[in-house]
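Let me begin by presenting the structure, written as structure tokens, before commenting on it.
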Amino acid sequence: ALYAAFRAINIPARAEGLAVMTATHQLSGVVGLTPGGAGVQEAADLLISSTAGVGVVEAAAALLILRVLGFVVTAATGGLGWWLLITGRG
């Protein structure tokens, strides 16, 4: 997903750097200082962004896309589930 976010804004990033960023993103979400790891994951990713050969501004843009898409997918899935339950189809 991180690779796709960088490609969506036409920013090339090194695969090994993205692997480190992805691992950092997942591990920092375990910390649980904020709901959903919001802010903690992004801060950790911005610190590691240089390993992917990406500047902080570019990394912030890709992370924003990733976070917004995560919320959209969650809201759409939850909305569908809610609709199925209230209509008696679920």
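Position 1 is the first residue of the sequence, and the numbers go up from there. Here the structure is a predicted model, which is why all the values come from computation and not from measurement.
Pairs of residues two or more places apart, or lying in two chains, that qualify as salt bridge (charged side-chain N to carboxylate O under 4.0 Å, His left out) and include a residue from residues 63-84 are E42-R67. Applying the side chain to side chain donor-acceptor pair (under 3.5 Å) definition to pairs two or more places apart or across chains, none involves residues 50-61. Screening residues 69-78 for side chain to side chain donor-acceptor pair (under 3.5 Å) gives no qualifying pairs among residues at least two apart or on separate chains. Sorted by first and then second residue, the salt bridge (charged side-chain N to carboxylate O under 4.0 Å, His left out) pairs involving residues 43-55 (not counting sequence neighbours) form an empty list. The salt bridge (charged side-chain N to carboxylate O under 4.0 Å, His left out) pairs that include a residue from residues 74-83 number zero, where partners must be two or more places apart or lie in different chains.
Residues meeting the side-chain contact (heavy atoms from CB on, under 4.5 Å) test with W82, sequence neighbours left out: I86. Under the side chain to side chain donor-acceptor pair (under 3.5 Å) criterion, R14 pairs with E16, sequence neighbours left out.
For S49 against A59, the heavy-atom pair with the smallest separation is CB-CB, 3.6 Å.
Counting Ile, Leu, Val, Met, Phe, Trp and Tyr side chains that sit under 4.5 Å apart, directly or through other members, V20 shares a hydrophobic cluster with L2, Y3, F6, I9, I11, L18, M21, L46, I48, V54, V56, L63, I65, L66, L69.
A donor-acceptor pair under 3.5 Å links the side-chain atoms of Q41 to the main chain of H25, judged by distance alone.
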